[in-house]
Amino acid sequence: MSIIRFSAVKESFQHKPLVITENGRRSELFGTHVFNEEKMLQYLTKDAYLSVKEAIFSGSKIDRKIADQVAEAMKAWAISMGATHYTHWFQPLTGATAEKHDAFFDLLADGRAVEKFGGAQLVQQEPDASSFPSGGIRNTFEARGYTAWDPTSPAFIYGTTLCIPTIFVSYTGEALDNKAPLLRALHAVDLAATAVAKYFDKNVAKVQATLGWEQEYFLIDKALAGSRPDLVLTGRTLVGHLAAKGQQLDDHYFGVIPMRAINFMRDLEKECTRLGIPVKTRHNEVAPNQFELAPVFEEANLAVDHNLLLMDIMEKVADRHNFKVLFHEKPFSGINGSGKHNNWSLATDTGVNLLSPGSTPMKNLQFLTFFVNTIKAVDTYEELLRSSIASASNDYRLGANEAPPAIFSIFVGTQLSNVLDELEGVSQGKLSPEEKTELKLNVVGKIPEILLDNTDRNRTSPFAFTGNKFEMRGVGSKTNCAKPMTILNTIVAKQLREFKKEVDALIDKKKLKKDEAVFNVLREYIKSSKRIRFDGDGYSTDWEKEAKKRKLSNNKSTPSAIQVMTSKESLELFNGLEVMSTIEVEARQEVELETYIFQTQIEGRVFNDLVYSHIIPSAIDYQNKLIKNVLGLKEIYGAAHKKLSEGHLTLIEQIAEHMVELKKNTDDMTNARRVANKLTDLNKKAFAYCDNVRPYFDKIRYHCDKLEQLIDDQSWPLTKYRELLFIK
Ligand code: ADP
Ligand code: MG
């Protein structure tokens with residue numbers, strides 16, 4: 001074992017797993033560090049409390065005087081909890097979160113020291129945030145960026161800092177973050193879904209999108225991860241031969257959670273629980289060292305915040321346990337990568353899940369309405385939905401037979417397919433009383449029984465109906481869920497608006513009864529959105545061919561997937577629903593392209609470093625050892641040495657051949673990078689990186705991994721897969 005690897009391994013063995021004991025119930029710990037309902041009741045006047053509640057419910061503005069009261073109350077609570085600082089916590093377009101702390105501490109004019117925090121500081125801040133990606137928004141307009149309080153996501157104390165969730169906008173009001181468009185999309189879907197839900201229940205006043213994410217991740221020993229330049233700089237291993245054992249025995253999935261991992265998880269869950277993240281499920285995933293954590297679902301904006309907060313907490317807690325947590329979608333070749341399923345539904349303020357069938361035919365018609373409209377929305381905007389999960393890292397995973405393909409389709413299961421097929425036969429216009437009874441009793445009425453039985457799950461589908469929600473499965477493990485959630489809720493909002501218009505027109509002009517009108521419009525949607533429904537094997541090449549016939553998009557790389565963001569239809573959608581202006585969409589596309597270019601460029605540079613400074617020198621060292629040996633044999637045995645050194649000579653040659661190829665491909669890749677870097681058009685540059693640079697990565701890796709197998713273990717400079725994986 002090489003010296004670097006040896007010291008890394010030695011360091012990792014010095015950490016005895018600490019056993020964490022639990023005292024107290026999780027339910028008592030839940031939300032202790034959150035300025036939630038309970039704390040608001042305790043710390044706020046009635047007026048202030050009602051005002052915040054109203055703002056959460058309807059998005060109304062909070063009056064400055066009330067904001068002062070809320071700030072005073074938050075400060076009192078935060079200081080009683082030991083907080084010394086506050087921060088506006090926001091989500092710039094980097095995909096992560098950002099914060100800039102200010103102390104409550106302040107000096108009065110007379111020099112006395114006090115703790116200060118007022119409405120002004122709560123409501124708006126102007127962080128000097130000019131270095132965040134803005135896709136040109138702030139070059140064109142003003143350099144200033146503002147953060148503004150989002151009262152729908154409660155403030156929390158993290159460490160000794162009061163964190164206030166905020167949106168981040170430019171001086172001219174353009175969103176510079178992922179949260180502002182999400183809030184607008186959620187507002188749009190609330191309005192559209194509430195209007196439709198009122199067909200079935202007049203009492204519905206609000207509809208919330210719900211999100212339950214499932215976070216997959218890898219845990220790697222910190223010291224070992226730190227010994228790999230590729231893991232440190234790119235989050236994934238660029239090279240590394242498969243260990244003899246991978247996931248072929250299926251012995252990790254749902255297996256006994258290793259001691260070190262379970263200690264980490266318990267510590268993590270306690271932190272999460274304090275911060276109001278309702279974590280519930282933990283288990284081993286398919287690949288060695290891969291795990292999953294899932295909470296109880298929540299309102300989508302809060303769920304997004306909680307997922308981002310979770311990823312941050314995970315990194316910190318992992319560090320405490322001498323782990324490095326990997327969120328990259330494909331950290332290791334040859335074993336599964338990580339995703340983040342987004343379970344999504346719509347819920348009314350009357351407590352009804354709109355994607356859950358009920359006990360009466362009317363409730364089931366409501367279910368069908370939202371079910372079919374979602375299918376129709378995804379059919380119309382499949383390419384846009386695909387674009388929302390595109391990233392350089394997720395490209396390594398989508399379509400690799402472990403995650404859904406880049407083609408969007410919807411799985412509904414055979415039984416619901418049958419229901420949809422029957423509904424397709426509904427006659428046009430008015431229905432006879434017999435037809436209505438038949439429909440209500442025998443088709444719509446039977447849905448709940450069907451669903452109780454709906455256990456078949458198609459893991460290859462990117463968008464699957466799973467009984468009372470849809471599950472979006474292609475989302476990358478690193479992705480900010482705000483991106484797919486903004487698109488999904490926007491397209492569903494748009495679709496529900498159309499639906500309402502069509503149904504109302506049939507009621508007004510054709511004098512149809514409400515249920516007849518609903519059936520009529522649904523029938524047309526079922527017909528026109530048929531191509532998106534697919535229950536078969538999404539991994540198969542047959543499906544790829546079939547999808548092409550159906551004219552479904554199949555954008556395998558990020559640059560091609562994100563073109564659609566600025567298409568005429570997309571811009572009309574975003575503008576029409578006031579989710580994003582054209583400038584905001586173009587800015588996001590530009591940021592995505594830049595991020596793709598930079599990430600690929602960094603990987604290319606790390607390859608250079610690995611090949612020239614680590615792998616080739618080690619290969620030469622070992623080759624020299626062999627050469628010395630051959631020469632020694634020759635000295636002793638003279639001409640007779642040939643027979644004895646035959647194997648060595650072959651090895652020397654094999655190593656030489658791989659080195660030649662390695663050097664050639666690395667140099668060609670560097671040249672391709674140089675050519676790409678000269679391009680000024682971002683789109684062209686991204687495609688150049690995608691089509692001309694990235695293909696070299698696999699070739700370089702191939703020769704590196706061959707050399708790893710040929711060279712003696714002691715001389716190999718990089719920590720190997722078998723050392724990185726398989727923690728105890
Ligand atoms: P699995 O898919 O692993 O079998 P479940 O179907 O019970 O497990 O739930 C998976 C995830 O779906 C959980 O995170 C859960 O919170 C979420 N979920 C359940 N119901 C809803 C809903 N109505 N809206 C959004 N997410 C939901
Ligand atoms: Mg699931």
Side-chain angles (χ1 to χ4, degrees), residues 26 30 182 185-186 189-190 193 197 204 206-217 253-254 257 265 268-269 272-273 276-286 290-311 314 336 338-358 363 366-367 370-371 373-374 378 402-404 410-413 416 447-448 451-475 477 479 481-482 484-489 492:
R26 293 272 173 99
F30 185 68
L182 173 68
L186 293 173
V189 86
D190 171 16
V204 173
K206 188 176 174 68
V207 172
Q208 287 190 326
T210 52
L211 165 65
W213 39 261
E214 303 164 49
Q215 180 72 54
E216 291 182 340
Y217 60 97
Y253 190 55
F254 284 10
I257 301 175
M265 289 176 185
L268 168 70
E269 287 166 2
C272 289
T273 308
I277 307 173
V279 289
K280 191 162 169 72
T281 310
R282 62 189 187 202
H283 62 82
N284 285 6
E285 256 304 325
V286 171
Q290 192 188 27
F291 306 94
E292 180 181 304
L293 178 152
V296 177
F297 68 90
E298 299 176 283
E299 184 279 319
N301 174 44
L302 187 59
V304 166
D305 281 359
H306 279 169
N307 180 251
L308 289 167
L309 182 57
L310 170 95
M311 292 201 280
M314 278 176 92
N336 276 17
S338 302
K340 179 151 56 195
H341 293 176
N342 276 204
N343 296 274
W344 170 90
S345 188
L346 293 169
T348 66
D349 59 334
T350 52
V352 175
N353 175 355
L354 292 168
L355 287 172
S356 185
K363 286 201 178 127
Q366 172 177 284
F367 157 73
F370 286 92
F371 179 65
N373 271 288
T374 306
V378 175
E402 53 175 284
I410 302 181
F411 169 87
V412 300
L416 275 171
I447 294 172
L451 283 185
L452 279 180
D453 224 28
N454 185 24
T455 45
D456 55 335
R457 295 210 167 173
N458 184 332
R459 291 277 145 192
T460 70
S461 176
F463 202 86
F465 185 70
T466 51
N468 57 3
K469 61 189 185 292
F470 279 100
E471 183 166 343
M472 196 168 163
R473 298 218 180 97
V475 184
S477 46
T479 304
C481 303
M485 282 298 114
T486 298
I487 304 299
L488 179 58
N489 288 294
V492 171

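These numbers come from the heavy atoms of this one structure, side chains and all, not from hydrogens, waters or symmetry mates. In each ligand, atom 1 is the first atom listed, and ligand 1 is the first ligand listed.
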Using 30° and 60° as the class limits, which term best fits the ring planes of Tyr217 and Phe291: parallel, tilted or perpendicular?
-> tilted
Could you list which atoms of ligand 1 come closer than 4.0 Å to a heavy atom of Asn353?
-> 23 (N)
Looking only at non-hydrogen atoms, which of Glu298, Glu214, Glu299 approaches atom 3 (O) of ligand 1 most closely?
-> Glu214
Does Met485 offer a backbone N or O that forms a donor-acceptor pair with the side chain of Trp344 under 3.5 Å?
-> no
Kindly confirm or rule out an N or O of Phe297 lying under 3.5 angstrom from an N or O of ligand 1.
-> yes
Quick one: does Thr479's side chain have a donor or acceptor within less than 3.5 Å of a partner on Cys481's backbone?
-> no
Lys206: what forms a salt bridge (charged side-chain N to carboxylate O under 4.0 Å, His left out) with it, not counting sequence neighbours?
-> Asp190
Quick one: does Val296 get within less than 4.0 Å of ligand 1, heavy atoms only?
-> yes
For Lys469, the ligand 1 atoms whose distance to one of its heavy atoms is below 4.0 Å = 5 (P), 6 (O), 9 (O), 12 (O), 18 (N), 19 (C), 20 (N), 21 (C), 27 (C)
Glu269: partners by salt bridge (charged side-chain N to carboxylate O under 4.0 Å, His left out), with sequence neighbours left out = Arg26, Arg282
